[in-house]
Structure formats: C-alpha cells, structure tokens
Amino acid sequence: EAQVTQNPRYLITVTGKKLTVTCSQNMNHEYMSWYRQDPGLGLRQIYYSMNVEVTDKGDVPEGYKVSRKEKRNFPLILESPSPNQTSLYFCASSFRNRGLLNSPLHFGNGTRLTVT
Amino acid sequence: GDSVTQMEGPVTLSEEAFLTINCTYTATGYPSLFWYVQYPGEGLQLLLKATKADDKGSNKGFEATYRKETTSFHLEKGSVQVSDSAVYFCALMNSGGYQKVTFGTGTKLQVIP
C-alpha cells in the first residue's frame, strides 16, 4: 500500500531533550516536506527537500533540522525542543513537478508533540 | 506572496443540506488549486484539484471550479452526509521551481443527523 509513515504518533517530552520524528514514504517520491499545524494558522511549512541531499527552509524553520540521506526517509530533528514547538506535525511527499503537472501531496497521519 | 483565504468555521449543517465553503486566493502566474480533507486523527487527503482556469474538479460528490476572474475555488456538495464531517483545506501550488504549497487555515464541517 502506498503510504507516508510517521513515527511516533504521540510524543511528550521536556524542554531541551533532543528528539527525532521519522518519516518514510514508499512511493519513490522525490519531494518531501514537513509541516506543523496549529489552531487558526493552518499548515505552515518547516523544511522541504526536492531530492536526496537537497533540503531547504520553509516558512518556519527555526529550531528544526532535517536530513535527506535516502530518497524514502526525511527525519525531523528538534535539537533543543521548547514549549512553542508543541504542535501537530505532518510529513508529506509527492513526485517532483514536471512542467505544469503539479503533483498533489501525500500526507502521513501526523505526530502530536507536547513539550513541557 | 501567495495566499489562500477560506471561510471561518465551524460550519454546522444538517444531513442532506447543501454545502458551500468559500475559498479565494492570491497568486502570481497560473497556480494549480486543491481541496484537501482531514478526518479526525488522520493526515490530509487530496479531495479534488484543478490545474487551469475553468477546470472543474470533482470527487465523492464534491465539486469546485477554478475561477480565474474572481480568483476563487469554492467547494460545493449538493447533499452532505454525517461521514463528511471533517476539516477542509483549500490550497494552491504555483508551478515554480520549488513546488511550494500554500494552505488556507481550514474550515471545520460538522454534519448532524
């Protein structure tokens, strides 16, 4: 089954304790992205990757890191989490656009992170 | 920059009522437009899309028409069901090199029996 898998689904941690949220897709997508979803703000992009070893900042990258060593995986790293990073996080992937063919995003089921 | 504005929710309807969720956008060039749906506890799923002016996207009884003259992509359904209760996001993707998707803030729909 084609899917984007995120782990864990729920995570409670304390300020300053490094954590990693994993994301893996089995659709051979070039493009992957991380979003956070907050009430009243919709989805905001944190980082994205156009292909292996190519990553770039989205709209709200502060406090986050990513890596793309393999095509299927795109982990999100919080080196020193803070309470303002409490949010619902989504990983998404798609084929890279070809000309005007805009490929829709496929989303994981989300990771609810609480930082105390 | 690009932006998407959609109507505030929540929207509460009785089963079999007509649904409209308004969406307008600001973008340069010729974006593709999408509606995504998020059911409780799940990620977003593509509901429908339209890639050029006057295109109509449709799926599961939902429809939306890409109106370039009014920069709108309103979502409609003739008869909603309880199972349609979810959060609906309007989004656009510009055909630029970095493939960014801009989302609206989402509209929560609750359908009551």
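What you see below is based on every heavy atom in this structure, not just the backbone, and it leaves out hydrogens, waters and symmetry mates.
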Near [X] [atom1], under 6.0 Å, is it more than 12 heavy atoms from other residues, nucleotides or ligands?
{"X": "B:Gln81", "atom1": "CD", "value": "yes"}
{"X": "B:Phe18", "atom1": "CZ", "value": "yes"}
{"X": "A:Ile12", "atom1": "CD1", "value": "no"}
{"X": "B:Lys68", "atom1": "NZ", "value": "yes"}

What closest approach, in Å, do A:Leu105 and B:Phe103 show between heavy atoms, and which atom pair accounts for it?
CD1-CZ, 4.1 Å
Could you report the tightest heavy-atom contact between A:Ser103 and B:Met93, atom names first, then the distance?
O-CE, 3.3 Å
Are [X] and [Y] joined in one hydrophobic group, where the rule is that I, L, V, M, F, W and Y side chains link up if heavy atoms are under 4.5 Å apart?
{"X": "A:Val52", "Y": "A:Phe74", "answer": "no"}
{"X": "A:Phe107", "Y": "A:Leu11", "answer": "no"}
{"X": "B:Ile21", "Y": "B:Val87", "answer": "no"}
{"X": "B:Leu47", "Y": "B:Tyr36", "answer": "no"}
{"X": "B:Val111", "Y": "B:Val37", "answer": "yes"}

Which of residues 76-94 of chain A have a heavy atom under 4.5 Å from any heavy atom of chain B?
A:Leu88, A:Phe90, A:Ser94
Hey, which of B:Gln6, B:Lys52, B:Gln38 has the most heavy atom pairs under 4.5 Å with chain A?
B:Gln38
Heavy-atom pairs under 4.5 Å with chain A - which of B:Thr105, B:Val4, B:Leu44 has more of them than the others?
B:Leu44
Which answer fits [X], side chain, backbone, both or neither, if we ask what part of it has an atom under 4.5 Å from a heavy atom of chain B?
{"X": "A:Leu43", "value": "both"}
{"X": "A:Arg44", "value": "neither"}
{"X": "A:Gln6", "value": "neither"}

Answer key: most heavy-atom pairs under 4.5 Å with chain B among A:Val4, A:Asp59, A:Asp56 is A:Asp59
NE2 (A:His106) and CG (B:Leu46) are apart, to the nearest 0.5 Å, by 7.5 Å
What I'd like to find out is whether the side chain of A:Tyr35 reaches to under 4.5 Å of the side chain of B:Val101, using heavy atoms alone.
yes
The interface call for B:Glu8 against chain A, heavy-atom contacts under 4.5 Å, is neither
